[in-house]
2 protein chains.
Amino acid sequence: MTIRDVAKLAEVHPGTVSRALNEETRALVNFETAERVRRAAEQLGYRPNRIARGLKTNRSFTIGVLIPDLTNPLFPPILRGIEDRLEQVGYTALIVNTDNDPVHERRHLEALLARQVDGFIAATARLDTGSLARVAADGTPVVLVNRSLEDGALPAVTVDDRHGSRLAVDHVVALGHTQIAHVAGPQNVSTGHRRYLGLLDALRAHGLEAPAERVGFAAAFSEPEGERACSAVLDGGGRVTAIVAGNDRLAIGCYDALEARGLRCPEDVSIIGFNDMPFIDRLRPPLTSVRIPQREIGAVAADLLLGQLSGEPPDAREILVAPSLIVRSSTAPAAAAPGS
Amino acid sequence: MTIRDVAKLAEVHPGTVSRALNEETRALVNFETAERVRRAAEQLGYRPNRIARGLKTNRSFTIGVLIPDLTNPLFPPILRGIEDRLEQVGYTALIVNTDNDPVHERRHLEALLARQVDGFIAATARLDTGSLARVAADGTPVVLVNRSLEDGALPAVTVDDRHGSRLAVDHVVALGHTQIAHVAGPQNVSTGHRRYLGLLDALRAHGLEAPAERVGFAAAFSEPEGERACSAVLDGGGRVTAIVAGNDRLAIGCYDALEARGLRCPEDVSIIGFNDMPFIDRLRPPLTSVRIPQREIGAVAADLLLGQLSGEPPDAREILVAPSLIVRSSTAPAAAAPGS
DNA sequence: CTGTTAGCGCATTCAT
DNA sequence: ATGAATGCGCTAACAG
């Protein structure tokens, strides 16, 4: 079923069929002719071949999306935000998992380029900046999501991590806590670093501080690392009544560390996570967490990219999306803590 | 950067470049010439345009993947299984979320067809069978994953649900339980129905039975429905010491129902889930669950489709993948239950 | 308003 | 073993 079959049935030239069926050029053709073409197309079950169209127009209406791992619950909502937005305007996402492996990243980038993607959205934690920047320099729009570059060379959509830390600190301070610890994520990842900086700021704003022995650094956003870092803090000697974790998985590790020491949450120690992952409300106790609007982040990133694709200036700026605090049962007033 | 630029630099005809760079036709060209072409391509950073290739060969090397919702933790592992397999052979997945909405389904199907996908993998729970069958009849291979058709009209890869139920029943029976209830999923979905049937079989094999008042039917695989159905069973009068749930979310609903009645798990009632979702081991108590090898299911489905694409007979058969039981702390010996 | 023509980048048939 | 020519299905520039 090609455009020529339709042309034959409608008794017009193929070029006319193309114009009649294309939204943007329909005005160029007589209404009645257009109707006739439309009916012929319908009758034949004609479906325009987007591959052929893409070859001619040099646009594929596809976007390459690079993520570390689809299986990480952080990403599906972001992807839905991206896909829903893209689909509204006829674009499709090509999703690839890099597993944070530089070799995979390169290979995928090449493959997507070969497929003529019109742009990229990258959510990988430490994607080779060089490759991406080069791609962008060569004229293919790139937007980062959930991460950003120090030099702001590429437009990025991220959560306002520092604000999130402030929300967490404000909450435990309001509950009367003063001995507040931090189980920080990896500092070479922007989220880990910013949440840490935000925490220091927030504490300072309340006239508090976080001595080094009350901050544990995890080498990865994983439960075991959370437990390790938390254990170091708990065993460090200083008293701790509240812990702000760099993300939910680290918070789960904190649960483990508390349990191993016979400490109860929230009676002995309050814990706050970050991300508000699915089912985190089903833990014991349900985790208080800073929710990041993942779907929105994805949608905003898609919008940014679509804007560039329609010729807007590349606007290499970082857009911060505000998180919110979801209070559950892992935090309680400091007064409730049994004296020690 | 087109094939012609390379041809010019290598001082050969474009056709030769095509042959030299294409794996399958490389043998047709002199080794030295091929080398010269390869070097020229590399020097120019030439990347074959797959769109153009697709137009010519009438293959896009893309596969349409229909799922209800990426955000449902069941699907990411399946998708990884699919993608990993596809990528090895140069295919890419186009993933669309149908949200179980027939209108969306149709629209997406059309859009994917317009993009000339070479085949489909469908995981949607109740995708209009007609559309899919028609697509398959028109020559585009279709493979179902995680669901199947009664008439076996389409090849399908599913978990052996009945076997899973048997594993669950065997486990609680081995623990000494005899009063075993079932909180079943929706019966118009193959997984829900088969798990129910498998449960009946398994009980019968142990000389037990499940009277109607010990089976609750949930209208959806959701926590609230699980709680509702479980409550009906618990309040039904008969004594119950173990519950096999249709999936993990229903099991979580069972937790809620128990808690509302002051019953403890596993001391008073043992509970088993199905799917072994991420973080389900972090519930209180960690849920015993039937694990389905999601990644493998995806990979097998991809293999099946790739087989059809390379001309194998359509083999409209259902492949069952065996689940396994993951024992955690939500199940305990019946003897441990306090008398009542 | 519609027909004509050309060509997107590549694979492939037919010559040579 | 390589060159030449053709066309995949569509859009766009130009005529008429």
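Heavy atoms only: backbone and side chains are in, while hydrogens, waters and symmetry mates are out.
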Asks: At 10 degrees resolution, what angle do the end axes of the helix from C/dC1-D/dG16 to C/dT16-D/dA1 form when each is taken over five base pairs?
Replies: 40°
Asks: Is the count of non-hydrogen atoms from other residues, nucleotides or ligands lying under 6.0 Å from B/Glu11 atom CD greater than 12?
Replies: no
Asks: So if I define the base as every atom that isn't primed, P, OP1 or OP2, how would nucleotides 2-9 of chain C read as a B/S/- string at a heavy-atom cutoff under 4.0 Å?
Replies: BBBB-BBB
Asks: For B/Phe61, what residues pass the ring pair (Phe, Tyr, Trp, His ring centres under 6.0 Å) criterion, not counting sequence neighbours?
Replies: B/Tyr91
Asks: Please name the pair of heavy atoms, one in B/Arg53 and one in B/Asn22, separated by the smallest distance, quoted to 0.1 Å.
Replies: NH1-ND2, 3.3 Å
Asks: How would you list, by chain and number, every residue that makes a side chain to side chain donor-acceptor pair (under 3.5 Å) with A/Glu296, sequence neighbours excluded?
Replies: none
Asks: Hydrogens and angles aside, do A/Ser131 and A/Arg106 bring a side-chain donor and acceptor to less than 3.5 Å of each other?
Replies: yes
Asks: Any pair with a residue in residues 129-148 of chain A that passes ring pair (Phe, Tyr, Trp, His ring centres under 6.0 Å), sequence neighbours left out, goes on the list, sorted by first then second residue, please.
Replies: none
Asks: What heavy-atom pair brings B/Val12 and B/Arg36 nearest, and what distance separates the two atoms?
Replies: CG1-NH1, 3.9 Å
Asks: Figure out the CZ/P separation between B/Arg26 and C/dA11, and round it to whole Å.
Replies: 12 Å
Asks: Nearest whole angstrom, please: distance from the P of D/dT11 to the CD of A/Glu23.
Replies: 13 Å
Asks: What ring pair (Phe, Tyr, Trp, His ring centres under 6.0 Å) pairs are there with at least one residue in residues 9-51 of chain B, not counting sequence neighbours?
Replies: none
Asks: What is the separation between atom CG on B/Leu21 and atom C1' on C/dA11, rounded to the nearest whole Å?
Replies: 13 Å
Asks: Take the protein atom CZ of A/Phe61 and the nucleotide atom P of D/dT11, then report the distance between them rounded to whole Å.
Replies: 10 Å
